[in-house]
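Written below as structure tokens is the structure these notes are about.
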Amino acid sequence: MSDKYDVIVIGAGPGGYVAAIKAAQLGLKTACIESWTDKEGKNRLGGTCLNVGCIPSKALLEISHKYEEANHGFADQGIMAKDVKMDIGKMMERKEGIVNQLTGGIGGLFKANGVTPIWGHGKLLANRNVEVTDQDGKTKTYEAENVIIATGSKPIQIPPAPFDGEHIVDSEGALEFTEVPKRLGVIGAGVIGLELGSVWARLGAEVTVIEALDTFLPAVDQQLAKDALKQFQKQGLNIVMGARMTGAEVKRKLVNVSYEDSKGKQEAKFDKLIVAVGRRPYTDNLLSEDAGVQMDERGFIFVDDNCKTEAPGVWAVGDVVRGPMLAHKASEEGVMVAERIAGHKPQVNYDCIPNVIYTFPEIAWVGKTEEEVKAEGEEYNVGTFPFAANGRAMAANSASGMVKIIADAKTDRIVGFHVVGPQASEIVAQGVIAMEFGSSAEDLALTCFAHPTLSESVHEAALGVAGGAIHIANRRKKK
Ligand code: FAD
Ligand code: AMP
């Protein structure tokens, strides 16, 4: 038996569920297939992001930051908090509550917009037929005018450190520790390793991050990356650069990790080890041989700039295709594809996708780093402003970091916007809007910002691009 839809979406993460809602809003008969189940076997929408990614990690980051502040940041402000204790169980309950509320909310949105959820594992066959196998192993085939693949990604497991779910865990396991490990090892100083390492360090773990590269956060503007690294080290994170993990063995409840750095072979012992060395596109049992969809050499589904695959009427969005693995990038692509199916011609502006690392300080940016602009050989101007000179940041007891704006020297157009510091994740939106509208640094400099706000640092950095900052000595250099 075959049920026919205008659009079938496979995967209900931020790429898939957003695509499905948008398609339904545009009048298309839409279904969304999802295989995720929770520990009790109940179906869950929301994908990695809502269940084991962005949302639970930010819940733990917020809570652990408050705990850290209460322990170490309050006394300077005259608040004498005594015997501040952490109830890990309660923290996890709160995290789960937020996840349940949000994943349930997607179900409500599906209902309100007329999206049909189909529970089970979807497999694309030829001619846009999709076979769904439910939890009991029963199969049913659905037919669609268009199929959107949004199956996301999974943590990469490397042979020297296979996950055992107890001592050697992936990011999902690291969101579920029932107690604070005394010594925690983290392999990989990427976004996920730093965020999860920060959570447990704030709660009292002795954290060592082992990173193979010599450069800390190579995708981040290096002026900001260096600033952030100093602050992480001050917080007690032991970040070992140029160190490649070669083995991990569990013995007497301890993980013995071997790694190699410039001094040779090293060993370390941890109570828990988080392996956060990246994620791989998830396409397990997704495509029949005659589905007509091609993959690239790294296993991502091959798509063009508009997320079209090689198979007519088949699209793919989010982590399963090229580009940064970010929830908002997935959603942007989902909306674009739904609109293209409905006959519109929008495009994703890949130059204006913000990146955020939710450590403390947060690191956020959009556009090019100074290293990238320099490598292109174009002339540019830079304006920076430190939060140490921002009254609101001082009042908030978080006066570290800076805003940095890079503008093309000929046109003054902003090409890079970087923030390390308090609420960088919120402040970066100003750079995204400015760049989306093709603003010059002068446009921002001529804009009135409320006082006292953290955003005044954006204003001052924009003024500084032309050497006109008011609240700091200008050190304008023509590069
Ligand atoms: P996913 O969210 O992975 O969803 C894919 C869905 O497809 C899943 O529900 C899966 O069950 C389902 N599926 C897969 N195959 C099938 C099949 N054959 N049939 C049926 N269903 C299937 N990004 C940010 O932007 N900000 C953050 O702060 C952030 N923090 C993160 C923190 C952590 C710890 C992790 C792990 C990730 C984080 N990310 C963050 C990344 C973000 O979660 C992903 O980029 C995002 O979830 C990708 O969305 P997606 O829709 O492509 O895939
Ligand atoms: P990301 O891709 O942002 O998730 O970051 C993953 C990080 O893990 C990268 O910076 C890699 O260099 C690092 N990495 C990968 N394999 C190893 C390894 N065997 N030992 C140490 N670091 C690693």
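Atoms within each ligand, like the ligands themselves, are counted from 1 in listed order.
- When each atom of ligand 1 is checked for a heavy atom of Met325 under 4.0 Å away, the hits are 41 (C), 45 (O).
- Considering both main-chain and side-chain atoms, Ile10 never comes within under 3.5 Å of ligand 1 through any nitrogen or oxygen pair.
- The Val191 neighbourhood of ligand 2 comprises atoms 3 (O), with distances under 4.0 Å to a heavy atom of that residue.
- A salt bridge does not link Lys58 with Glu62: every distance from a Lys NZ or Arg NE/NH1/NH2 to an Asp or Glu carboxylate oxygen is 4.0 Å or more.
- With respect to atom 29 (C) of ligand 1, the closest heavy atom belonging to the protein is Cys54 SG, 3.2 Å.
- Polar contact with ligand 1: absent for Asp284 (N/O pair, distance under 3.5 Å).
- The nearest non-hydrogen atom to atom 30 (N) of ligand 1, considering only His328, Lys58, Glu195, comes from Lys58.
- The nearest heavy-atom contact from the protein to atom 10 (O) of ligand 2 is Glu211 OE1, 2.7 Å.
- Asp136 contributes no side-chain N or O that, together with a main-chain N or O of Lys138, makes up a donor-acceptor pair within less than 3.5 Å.
- Atom CZ of Arg94 is surrounded by 12 or fewer heavy atoms from other residues, nucleotides or ligands within 6.0 Å.
- Looking at Glu333 and Arg322, a side-chain N of the basic residue comes within less than 4.0 Å of a carboxylate O on the acidic one, giving a salt bridge.
- Every atom of ligand 2 is numbered from 1 in the order shown, and the set under 4.0 Å from a heavy atom of Leu213 is 12 (O).
- The option from Thr151, Leu50, Thr48, Leu61 that lies nearest to atom 16 (C) of ligand 1, judged by heavy atoms, is Thr151.
- Distance check, rounded to the nearest 0.5 Å: CD1 of Ile21 to OG1 of Thr30 gives 10.5 Å.
- Remark: distances from the non-hydrogen atoms of Gly120 to ligand 1 include one below 4.0 Å.
- If you check which protein heavy atom lies closest to atom 5 (O) of ligand 2, you get Gly190 CA, 3.4 Å.
- Of all the heavy atoms of Cys49, the ones lying under 4.0 Å from any atom of ligand 1 are found in both the backbone and the side chain.
- Exactly one residue among Gln25, Lys22, Arg340 makes a side-chain contact (heavy atoms from CB on, under 4.5 Å) with Val335. That residue is Lys22.
- In this structure, Arg279 is part of the shell of residues with a heavy atom less than 4.0 angstrom from ligand 1.
- For the pair Asp3 and Lys140, the salt-bridge criterion is met [side-chain N within less than 4.0 Å of a carboxylate O].
- Heavy-atom neighbours of Glu260 CD from other residues, nucleotides or ligands within 6.0 Å: above the threshold of 12.
- Distances from atom 22 (N) of ligand 2 to the heavy atoms of Ala212, Ser171, Gly193 put Ala212 nearest.
- Other residues, nucleotides and ligands contribute over 12 non-hydrogen atoms within 6.0 Å of the CD atom of Glu376.
- When the heavy-atom distances from atom 7 (O) of ligand 1 to Gly11, Pro281, Ala19 are ranked, the shortest goes to Gly11.
- Where the criterion is an N or O separation shorter than 3.5 Å, residue side chain and backbone included, Gly53 fails it with respect to ligand 1.
- Closest to atom 8 (O) of ligand 2, if we only count protein heavy atoms, is Gly188 CA, 3.3 Å.
- For ligand 1 and Trp36, the ligand atoms under 4.0 Å from any heavy atom of the residue are 8 (C), 9 (O), 11 (O).
- Panel note: side chain Glu40, backbone Lys42; no donor-acceptor pair is recorded below 3.5 Å.
- Atoms of ligand 1 found under 4.0 Å from any heavy atom of Gly47, numbered from 1 in the order shown, are 2 (O), 4 (O), 8 (C), 9 (O).
- Note on Asp271 versus Lys182: no salt bridge recorded, every NZ/NE/NH1/NH2 to OD/OE distance being 4.0 Å or above.
- Results of the salt bridge (Lys or Arg N to Asp or Glu O under 4.0 Å) test with Glu96 over Lys39, Arg44, Lys90 single out Arg44 as the only residue that passes.
- Within the 4.0 Å heavy-atom criterion, the part of Val52 lying near ligand 1 is the backbone and not the side chain.
- Using a distance-only test at 3.5 Å, with no hydrogens or angles considered, a donor-acceptor pair links the side chain of Ser288 to the main chain of Leu124.
- Under a 4.0 Å heavy-atom criterion, Val320 is not in contact with ligand 1.
- Salt bridge status for Glu145 with Lys4: present, with a side-chain N to carboxylate O gap under 4.0 Å.
- Residue-environment remark: NZ (Lys29) exceeds the threshold of 12 foreign heavy atoms within 6.0 Å.
- Here the heavy atom of the protein found nearest to atom 2 (O) of ligand 2 is Gly278 CA, 4.0 Å.
- The line from CD of Glu370 to NZ of Lys404 is 3.5 Å long, rounded to the nearest 0.5 Å.
- Proximity of Ala243 to ligand 2 is established by a heavy-atom distance of less than 4.0 Å.
- For atom 17 (C) of ligand 1, the choice among Pro56, Gly122, Ala12 with the nearest heavy atom turns out to be Gly122.
- Close N/O approach between Met245 and ligand 2 is found [any backbone or side-chain N/O within under 3.5 Å].
- The Ser153 neighbourhood of ligand 1 comprises atoms 3 (O), with distances under 4.0 Å to a heavy atom of that residue.
- Near Ile210, the atoms of ligand 2 lying under 4.0 angstrom from a non-hydrogen atom of the residue are 21 (C), 22 (N).
- Nearest non-hydrogen protein atom to atom 17 (C) of ligand 2 is Val277 CG1, 3.8 Å.
- Atoms of ligand 1 found under 4.0 Å from any heavy atom of His121 (numbered from 1 in listed order, with element): 17 (C), 18 (N), 19 (N).
- At a 3.5 angstrom cut-off on N or O pairs, Asp319 counts as close to ligand 1.
- Around NZ of Lys329, the count of heavy atoms belonging to other residues, nucleotides or ligands within 6.0 Å exceeds 12.
- At a heavy-atom cutoff of 4.0 Å, ligand 1 is contacted by the backbone of Ala150 but not by its side chain.
- No more than 12 heavy atoms of other residues, nucleotides or ligands lie within 6.0 Å of CD in Gln423, so this atom counts as exposed by the packing criterion.
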